[in-house]
Amino acid sequence: MPRLIEFNAKVTKIHQDDSGVTVDYVDSNSPDGATKTIRADWCVCNIPLTILTQMDINVSKPMKQAMAAVPYETSYKVGLEFNRRFWEEDEWIFGGLTYTDMPIAQIAYPSQNMFKDGTGVLLGAYGYGPTSYKFNSLTPQERINVALAYGKYIHPQYPKEFRAGTSVVWHRIPWTLGCYGIWNESTRRQHYDTLCSIDNRIVLAGEHCSHIPAWQEGAILSGMDAAKRLHKKAKMLV
Ligand SMILES: Cc1cc2nc3c(=O)[nH]c(=O)nc-3n(C[C@H](O)[C@H](O)[C@H](O)COP(=O)(O)OP(=O)(O)OC[C@H]3O[C@@H](n4cnc5c(N)ncnc54)[C@H](O)[C@@H]3O)c2cc1C
């Protein structure tokens with residue numbers, strides 16, 4: 001059976017004409033390597049709009065306007081590893097969340113390995129919105145420092161027990177450049193139907209083409225809907 005999925009294929013250009021779609025891509029592990037090309041009758045594209053709007057793609061002007069009309073929410077997370085599970089041993093906290101009014105927003109406690117000795121990892125910061133832009137502008141080490149500095153007001157054990165940390169800020173992830181598409185009533189009215197329409201031989205799918213953005217459910221429903229509509233259109237052309 002031929003390989004159906006080609007991994008590490010970073011699309012650089014999508015060009016359609018009346019008989020099909022040509023997609024250029026490079027190996028994302030060696031982006032300076034040769035550009036490869038693949039041709040198909042149709043293209044279902046779920047590349048996030050943050051990236052698609054920067055790509056060479058020949059869709060209609062209304063589609064381009066719709067693609068550019070959806071900004072993306074931003075988010076940050078910091079993971080902190082500690083020498084021992086002090087939240088369980090000292091404070092009897094087993095799973096769950098602490099919501100704070102500090103820039104770390106919340107602390108989440110692990111639901112696995114409860115009652116075990118040894119190290120444990122907390123989600124030491126997880127938030128959205130304006131605070132996220134501040135986290136985006138920090139280095140990875142600075143983000144950890146902020147999470148430790150605020151978290152110790154909740155758990156004074158932080159400085160003594162800290163082992164290691166890591167962080168993700170979604171606006172700096174090259175293959176998403178943000179979290180999810182943000183819609184309002186006005187952009188829905190003006191652009192949603194266009195964004196979901198079949199633009200000659202290209203149809204978009206993903207959470208950004210759904211009424212449930214930011215959820216896997218929206219992405220899956222959008223993919224199923226796009227495939228159904230495309231199938232119907234393709235059958236009509238046979
Ligand atoms: C912090 C955070 C927490 C979340 N929590 C939840 C949750 O608890 N429950 C839930 O249901 N959903 C959650 N979501 C949302 C969920 O992850 C998304 O809605 C879903 O993954 C969107 O699916 P998608 O197919 O639209 O996009 P994606 O899953 O982002 O897929 C897009 C794909 O395009 C690829 N791509 C990008 N650029 C290129 C390129 N140039 N060439 C080729 N490929 C490219 C990417 O690598 C990626 O694989 C969360 C999202 C975030 C950011």
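What you see is a predicted model; the values in this text were computed from it and never measured. Each ligand, and each atom within it, is numbered from 1 in the order the structure gives. Along the sequence shown, the residues carry numbers beginning at 1.
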If we count only N and O atoms by modelled type, under 3.5 Å, do the side chains of S19 and R39 hold a donor and an acceptor together?
yes
Measure the shortest side-chain to side-chain distance between E88 and F94 over non-hydrogen atoms and say whether it is less than 4.5 angstrom.
yes
Tell me: protein heavy atom nearest atom 26 (O) of ligand 1, and distance?
E207 N, 2.8 Å
Shortest protein contact, atom 30 (O) of ligand 1 (heavy atom only)
T176 CG2, 4.1 Å
Cation-pi check, K77 onto Y126 ring (under 6.0 Å, within 45° of axis):
yes
Nearest non-hydrogen atom to atom 13 (C) of ligand 1 belongs to which of A9, A205, A214?
A214
Testing the basics here: between R143 and L138, what is the closest heavy-atom pair and its distance to 0.1 Å?
NH2-O, 3.1 Å
Does ligand 1 have any atom sitting under 4.0 Å from a heavy atom of Y126?
yes
Nearest-neighbour protein heavy atom for atom 52 (C) of ligand 1, which is reported as residue plus atom name and distance:
C179 SG, 4.4 Å
Heavy-atom nearest pair, D17 first then R201, reads O-CD, 3.4 Å
The option among G206, S222, A219 carrying the non-hydrogen atom nearest to atom 23 (O) of ligand 1 is A219
Is there a protein heavy atom at a distance of less than 4.0 Å from atom 21 (O) of ligand 1?
no
OH/Y153: more than 12 non-hydrogen atoms of other groups inside 6.0 Å:
no
Does atom 48 (C) of ligand 1 have any protein heavy atom closer than 4.0 Å?
no
Counting from 1 in the order shown, the ligand 1 atoms closer than 4.0 Å to a non-hydrogen atom of M55 are 41 (N)
Using a 4.5 Å cut-off on heavy atoms from C-beta on, say whether the side chain of W87 contacts that of P110.
yes
Under 4.0 Å from a heavy atom of K10: which atoms of ligand 1 are those, numbered in the order shown and with their elements?
41 (N), 42 (N)
Note: ligand 1 atoms sitting under 4.0 Å from heavy atoms of P48 are 32 (C), 34 (O), 37 (C)
State whether Y192 and R188 meet the cation-pi test: NZ (Lys) or CZ (Arg) under 6.0 Å from the six-membered ring centroid, and within 45° of the perpendicular axis.
yes
Classify the side-chain pair H155/E91 by whether it contains a donor and acceptor separated by less than 3.5 Å.
yes
Could you tell me the residue and atom name of the protein heavy atom closest to atom 42 (N) of ligand 1, and the distance to it rounded to 0.1 Å?
V11 N, 2.8 Å
Out of I51, T74, L204, the nearest non-hydrogen contact to atom 38 (N) of ligand 1 is supplied by I51
Do me a favour and list the nearest non-hydrogen protein atom to atom 45 (C) of ligand 1 with residue, atom name and distance?
I47 CG1, 3.8 Å
Should W170 be listed as contacting ligand 1, given a heavy-atom distance under 4.0 Å as the test?
yes
If you take all heavy atoms of L49 and Y72, which pair is closest and at what distance?
N-OH, 3.0 Å
Locate the shortest heavy-atom distance separating D199 from S60; write the atom from each residue and the value.
OD2-OG, 2.6 Å
What protein heavy atom is closest to atom 10 (C) of ligand 1, reported as residue, atom name and distance in Å?
W215 CE3, 3.1 Å
In this structure, atom 31 (O) of ligand 1 is nearest to the protein heavy atom N46 ND2, 3.5 Å
What residue and atom, counting heavy atoms only, is the protein's closest point to atom 11 (O) of ligand 1, and at what distance?
Q216 N, 2.8 Å
